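Notes to accompany the following structure.
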Amino acid sequence: MAVSKRLRYEVLRRDNHTCRYCGASAPDVPLRVDHVTPVALGGTDTPNNLVTSCEPCNSGKSSATVDSALVENVADDALRWAAAMQQAADNLLEQERPKLEYRAAFLKEWNRWGYGEGEDRKAIELPGDWKPSVERFRVAGLPAWVWGEIIDTAMGYDKVLDPNKFKYCCGIAWNKVGVLQEGARRIVGATRPPAHLDMRQAVLEAAFAVWHCGLSDGEDAPTPKQVDEFRESLAGLTEADLADPELIVQAAQYATYFGMSNFAEARRDMDHDAVARAWNSAWPTTWVPSDEEWGGTIVGGPTDIQRKWVREQIDKLLDAEINVHRLVRAAGHAGSHKSARIYHGLSDSELEVTGVSGWQSKAAELWRVAYTASTMVEPTVEETARFFKGLRGVVSLGEFYLADIYQAASAAGCYQDPDLVSCLTQHLSVFEAAALPIRDDD
């Protein structure tokens, strides 16, 4: 077998590019890799049988054996070199061990999700550069155990397509890193930024760097046109927008998940998703298992009509520039009460854009809670429609205290009555009740 180029190079480097017979070195003489024991006499191509030789010495040696002392010297060098290489490999493995263990912990959580069953099961494909990306989080101090929660969150968000799942995970992970760093700053004592630092420019550059790096990690880097559009949209931010720098960076990350190059649109979509998720996740549901292993269905949840109406309300409320944190709280309240009316904590003037009445929504919630508590079933769609019809009819009867309407709504719910007027009269004077017209129940 011929000596490989790689082995020739290693032998020359081991011998310091010097002839082991006469001591001549390059470039004074041409060098060759010579067999200490010639192949014709049974010599092998192993490193301990190879030595650097200049061309004159190699030509003169032919198939004669060399001095035994030289052979022993070369063998000792080869052994020392082999031991040194093994030690270097062990040191490298020891340095790589934390990286490999961290990577394995990530893969274990990632591979819990996939398609199919048994041998046909396939995990969602990772991008080609996932290893250096995960390594950056290890260096940044993100604990390996956090990946389980991060991956579960990303995989459970249906709006993010499979090719973007890993990138979405990275966005969540960087948020986690930010939380850890903030905690560390509180422990060691936060320092004020230098007085000469332009905070506006620093935030804008940070947002741009996050967006540009995020898109560059994908298959296609952003084009010059996209770069100009994103910078232009960033420049339009007001000082009020920059009051929360973390949200600005999060919106830049969000833009990378969906390949967006307009910051304002990304910020708007991110806020919309935050409010919608708060509403949807707060809605009570029940998991009903099936006979199949790991099988089952989720019972409950809003209807498609309710989802559509909630999306329309969110759009209108965001257009009215109502703080997104207030909308998240209002949406969470509505979802927890199985209501599609976002109103909690919002003023009547703010609700004008959606046409939702705050007091009517609260009365409906009280009626539904009392109805469900007394019967252990939800009111039907028809009963709910009749309740709102009667609630709107209350306005035509005159002025009432809201407390009376709320009490009447709760009482009507206890009686499973969709018409609260009969309960409302209990809180009126005898003369006011007598003045009410007799209603035809049909």
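Keep in mind it's a predicted model, so treat the numbers as computed, not measured.
- For Phe137, the ring-ring contact (aromatic ring centres under 6.0 Å, His included) partners two or more places apart in sequence, or in a different chain, are Trp147, Trp174.
- Of the charged side-chain nitrogens involved, none lies within less than 4.0 Å of a carboxylate oxygen, so that Asp419 and Lys389 do not count as a salt-bridged pair.
- Aromatic ring orientation, Trp367 versus Phe387: parallel (interplanar angle below 30°, classes split at 30° and 60°).
- Salt-bridge check for Glu135 with Arg103: failed, with every basic side-chain N at 4.0 Å or more from each acidic carboxylate O.
- Residues Thr18 and Thr52 fail the side-chain proximity criterion, which asks for heavy atoms closer than 4.5 Å.
- In terms of heavy-atom proximity, Ala255 sits nearest to Ala266 at CB-CB, 3.6 Å.
- Looking only at distances, a side-chain donor or acceptor of Gln313 sits under 3.5 Å from a matching main-chain atom of Ala340.
- Applying the ring-ring contact (aromatic ring centres under 6.0 Å, His included) rule to Tyr9 yields no partners; only residues at least two apart in sequence or on another chain are considered.
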Verdict with supporting geometry, Tyr406 and Leu420, side chain to side chain contact (heavy atoms under 4.5 Å, CB included): CA-CA 10 Å; Tyr406 296 154; Leu420 81 165; over 6 Å; no

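- For residues 316-344, the salt bridge (charged side-chain N to carboxylate O under 4.0 Å, His left out) pairs, not counting sequence neighbours, are Arg268-Asp319, Arg326-Glu350, Lys338-Glu378.
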Could you walk me through whether Ile342 and Leu317 pass the side chain to side chain contact (heavy atoms under 4.5 Å, CB included) test, one step at a time? CA-CA 9 Å; Ile342 299 178; Leu317 293 169; 4.0 Å; yes

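- A 4.5 Å side-chain heavy-atom check between Trp130 and Leu107 finds at least one atom pair inside the cut-off.
- Considering CG of Asn111 and CD1 of Ile124, their distance stands at 10.0 Å, rounded to 0.5 Å.
- Judged by distance alone, the side chain of Lys165 and the main-chain N or O of Val160 form a donor-acceptor pair under 3.5 Å.
- Closest approach of Cys54 and Cys22 over heavy atoms only: SG-SG, 3.7 Å.
- Atom NZ in Lys362 sits 13.5 Å away from atom OG in Ser339 (nearest 0.5 Å).
- A salt bridge is absent between Asp304 and Lys308: the closest approach of a Lys/Arg side-chain nitrogen to an acidic carboxylate oxygen does not fall below 4.0 angstrom.
- In this structure, the side chains of Ile405 and Leu391 come closer than 4.5 Å at one or more pairs of heavy atoms.
- For the pair Val51 and Asp15, the minimum side-chain heavy-atom distance is below 4.5 Å.
- A donor-acceptor pair under 3.5 Å is absent between the side-chain atoms of Thr372 and the main chain of Val369, judged by distance alone.
- The closest donor-acceptor contact from the side chain of Gln306 to the backbone of Thr303 lies under 3.5 Å.
- For the pair Asp271 and Ile314, the minimum side-chain heavy-atom distance is 4.5 Å or more.
- Residues passing the side chain to side chain donor-acceptor pair (under 3.5 Å) test with Glu365 are His333, Tyr343, sequence neighbours excluded.
- Judged by distance alone, the side chains of Ser53 and Asp34 never bring a donor and an acceptor atom under 3.5 Å apart.
- With hydrogens and angles left out, the side-chain atoms of Trp359 and Asp348 include no donor and acceptor closer than 3.5 Å.
- Counting only N and O atoms by type, the side chains of Glu229 and Ser261 include a donor and acceptor under 3.5 Å apart.
- No salt bridge links Arg368 with Glu383; every basic N to acidic carboxylate O contact stays at or beyond 4.0 Å.
- Residues Ala278 and Ser281 approach most closely at O-OG, 3.5 Å, considering heavy atoms.
- In this structure a side-chain-to-backbone donor-acceptor pair under 3.5 Å is present from Gln226 to Thr223.
- Within the model, atoms CZ of Phe230 and OG1 of Thr256 stand 9.0 Å from one another, a figure rounded to the nearest 0.5 Å.
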Stepwise, does the side chain to side chain contact (heavy atoms under 4.5 Å, CB included) test hold for Thr380 with Glu382? CA-CA 5 Å; Thr380 64; Glu382 293 74 15; 3.6 Å; yes

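- Atom CE of Met270 and atom OH of Tyr257 lie 10.0 Å apart (nearest 0.5 Å).
- Annotation for Ala173 and Leu142: closest pair CB-CD2, 3.8 Å, computed over non-hydrogen atoms.
- Between the Ser233 side chain and the Phe263 main chain, a donor and an acceptor come within less than 3.5 Å of each other.
- Between Arg8 and Leu50, every side-chain heavy-atom pair lies at or beyond the 4.5 Å cut-off.
- Using a 4.5 Å heavy-atom cutoff, the side chains of His17 and Leu31 are in contact.
- Side chains of Leu351 and Ser361 form no contact here, defined as non-hydrogen atoms less than 4.5 Å apart.
- Once rounded to the nearest 0.5 Å, the distance linking CZ of Phe166 with CG of Leu126 reads 6.5 Å.
- Rounded to the nearest 0.5 Å, atoms OG (Ser410) and CG (Leu366) are 4.5 Å apart.
- Residues meeting the ring-ring contact (aromatic ring centres under 6.0 Å, His included) test with Trp279, sequence neighbours left out: Trp283.
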For residues 247-254, run the donor-acceptor check on the side chains, cut-off 3.5 Å, and write out each pair with its distance to 0.1 Å, sequence neighbours left out.
residue: Gln250; atom: NE2; partner: Glu246; partner atom: OE2; Å: 3.3
residue: Tyr254; atom: OH; partner: Asp273; partner atom: OD2; Å: 2.2

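- What you find for Gly332 and Ala282 is that their closest heavy atoms are O-CB, 3.4 Å.
- Nearest heavy atom pair, residue Thr44 against residue His35, reads O-CD2, 3.2 Å.
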May I have the step-by-step check of side chain to side chain contact (heavy atoms under 4.5 Å, CB included) for Ile151 and Trp113, ending in yes or no? CA-CA 9 Å; Ile151 293 172; Trp113 294 82; 3.9 Å; yes

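- No donor-acceptor contact under 3.5 angstrom links the side chains of Thr375 and Gln416, judged on distance only.
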